[in-house]
Protein chains: 2
Amino acid sequence: MVVRMATMSDGNVDAIFHALADTTRRDIVTRVIAREQSVSSLASEYAMSFAAVQKHVAVLERASLVVKQRRGREQIVHADPATIERARLLLEHFETLWRHRAEAIDRILAEDPEH
Amino acid sequence: MVVRMATMSDGNVDAIFHALADTTRRDIVTRVIAREQSVSSLASEYAMSFAAVQKHVAVLERASLVVKQRRGREQIVHADPATIERARLLLEHFETLWRHRAEAIDRILAEDPEH
DNA sequence: CATTCGCACAACCATTTGGTTGTATATTAT
DNA sequence: ATAATATACAACCAAATGGTTGTGCGAATG
């Protein structure tokens, strides 16, 4: 039986990293983690059109990093704890991988200082 | 005096996340962490042209996640420990941010179970 | 009711991306 | 010297990105 690591091979991993590959979007995530805000409230922080910020939020939404929740005539953007934890685990996996490799290199260097 | 957090605001953070936002590229990183390989060796693993894989490696190279080193007529791709550590710290920062927020939420829920 | 506010959505545009094929160059093998 | 290998690089293409403006529509305010 082949065990497929769902968390690592899922297609939306692409979406998560892609969503984080933009300064504005990382900033939006940081802001809404600190305090949930309406889309227009977010938009007022950036030197670009409302529609542009709206699109950025949509990208984050596709990656499930944020969720929108209607409140009156406003749309409140807040961080999605579940996906954020998923992303964290994802990144932790890479970290572990890299750390193991780094330790292996250290071990080799420690064993043979001339090579 | 304004202290600028170099690791977080640098422009190549975009490049790092973008580089990781593709299944093939994440796979390349994983492979070369495990064992450094030539570009053609990598290319043989995927159902796409050599040039396409070459481009993927170039993207990873721009993000400094991998480094190429000529050996004979081959170009050996290996992971760059320095940038990988940088990426790890970067992700750890987000993790911390999110964890703090999660703790804050937990605290609120614990204080007021009805709200 | 009329207006304003917050948002959705479409159309448009320039640039980038991820892929292709084709050509050129350097290195190794025969 | 010739052939085969490994790579670089350019040109091309369809699709996606990141931005714009404009239009419409439901909700709140006067």
Side-chain angles (χ1 to χ4, degrees), chain A residues 9-32 35-80, chain B residues 9-32 35-80:
Chain A
S9 34
D10 269 351
N12 30 355
V13 173
D14 286 23
I16 292 174
F17 277 116
H18 170 248
L20 293 174
D22 180 282
T23 310
T24 304
R25 285 194 297 262
R26 284 193 305 276
D27 196 72
I28 290 176
V29 169
T30 304
R31 281 179 194 276
V32 301
R35 188 174 69 82
E36 0 187 83
Q37 282 172 75
S38 70
V39 179
S40 51
S41 158
L42 284 169
S44 71
E45 304 281 352
Y46 305 100
M48 67 184 78
S49 71
F50 175 83
V53 175
Q54 217 177 344
K55 279 193 186 181
H56 280 305
V57 172
V59 171
L60 291 167
E61 214 181 356
R62 268 195 313 163
S64 302
L65 283 167
V66 305
V67 170
K68 282 190 302 187
Q69 194 176 0
R70 174 141 244 123
R71 190 157 72 201
R73 68 179 162 191
E74 292 182 337
Q75 200 80 265
I76 307 300
V77 182
H78 59 93
D80 181 333
Chain B
S9 33
D10 270 349
N12 29 357
V13 173
D14 286 23
I16 292 174
F17 277 116
H18 169 250
L20 293 175
D22 179 282
T23 310
T24 304
R25 285 195 295 263
R26 284 193 305 277
D27 196 71
I28 290 176
V29 169
T30 304
R31 281 177 194 278
V32 302
R35 187 174 69 83
E36 3 187 79
Q37 282 171 77
S38 70
V39 179
S40 52
S41 157
L42 284 169
S44 71
E45 303 282 352
Y46 305 100
M48 67 183 77
S49 71
F50 175 85
V53 174
Q54 217 177 343
K55 280 194 186 180
H56 280 306
V57 171
V59 171
L60 291 168
E61 214 180 356
R62 268 196 314 165
S64 302
L65 284 168
V66 304
V67 171
K68 280 189 304 186
Q69 193 177 359
R70 173 140 247 123
R71 191 157 70 201
R73 66 181 162 187
E74 291 181 338
Q75 200 79 264
I76 307 298
V77 183
H78 60 92
D80 183 332

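Letters go in sequence order (proteins before strands), and every chain restarts at 1. No experiment lies behind these values; they were computed from the predicted model shown.
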**Asked** Below 4.0 angstrom from OP1 or OP2 of D:dT7, is there any side-chain N or O of B:Q54?
**Response** no
**Prompt:** Think A:S49 has a side-chain N or O under 4.0 angstrom from the OP1 or OP2 of D:dG19?
**Reply:** no
**Prompt:** B:F17 CZ to D:dT17 P: how many Å, rounded?
**Reply:** 17 Å
**Request:** Starting from P on D:dG18, measure out to CD1 on A:I28 and report it in whole angstrom.
**Result:** 11 Å
**Message:** Counting the atoms with a prime plus P, OP1 and OP2 as sugar-phosphate, which does A:S40 contact under 4.0 Å by heavy atoms, base, sugar-phosphate, or nothing?
**Reply:** sugar-phosphate
**Message:** If you assign each of B:Q75 and B:K55 to its closest nucleotide in DNA chain D, which residue comes earlier from the 5' end?
**Reply:** B:Q75
**For A:H78, the option from A:K68, A:Q69, A:Q37, A:R35 that meets side-chain hydrogen bond (donor to acceptor under 3.5 Å, both in side chains)** = A:Q69
**Prompt:** Expressed in angstrom and rounded to an integer, what is the separation of A:Q37 atom CD from C:dC7 atom C1'?
**Reply:** 16 Å
**Request:** Using modelled atom types only, decide if a donor and an acceptor are shared between the side chain of B:R25 and the backbone of B:L20 within a distance under 3.5 Å.
**Result:** no
**Request:** Could you check whether A:S38 gets within reach of a base, just the sugar-phosphate, or nothing at all, counting any heavy atom under 4.0 Å?
**Result:** sugar-phosphate
**Prompt:** Taking atom P of D:dT21 as reference, at what distance in whole Å does atom CE of A:M48 sit?
**Reply:** 13 Å
**Item:** Distance in angstrom units between B:F50 CZ and C:dT20 P, rounded
**Value:** 13 Å
**Message:** Quick check on DNA chain D: between A:A51 and A:R71, whose nearest nucleotide comes earlier from the 5' end?
**Reply:** A:A51
**Asked** Side-chain N or O of B:R73 less than 4.0 angstrom from OP1 or OP2 on C:dT25?
**Response** no
**Asked** Is A:H56 near enough to D:dG19 that one of its side-chain N or O atoms lies under 4.0 angstrom from OP1 or OP2?
**Response** yes
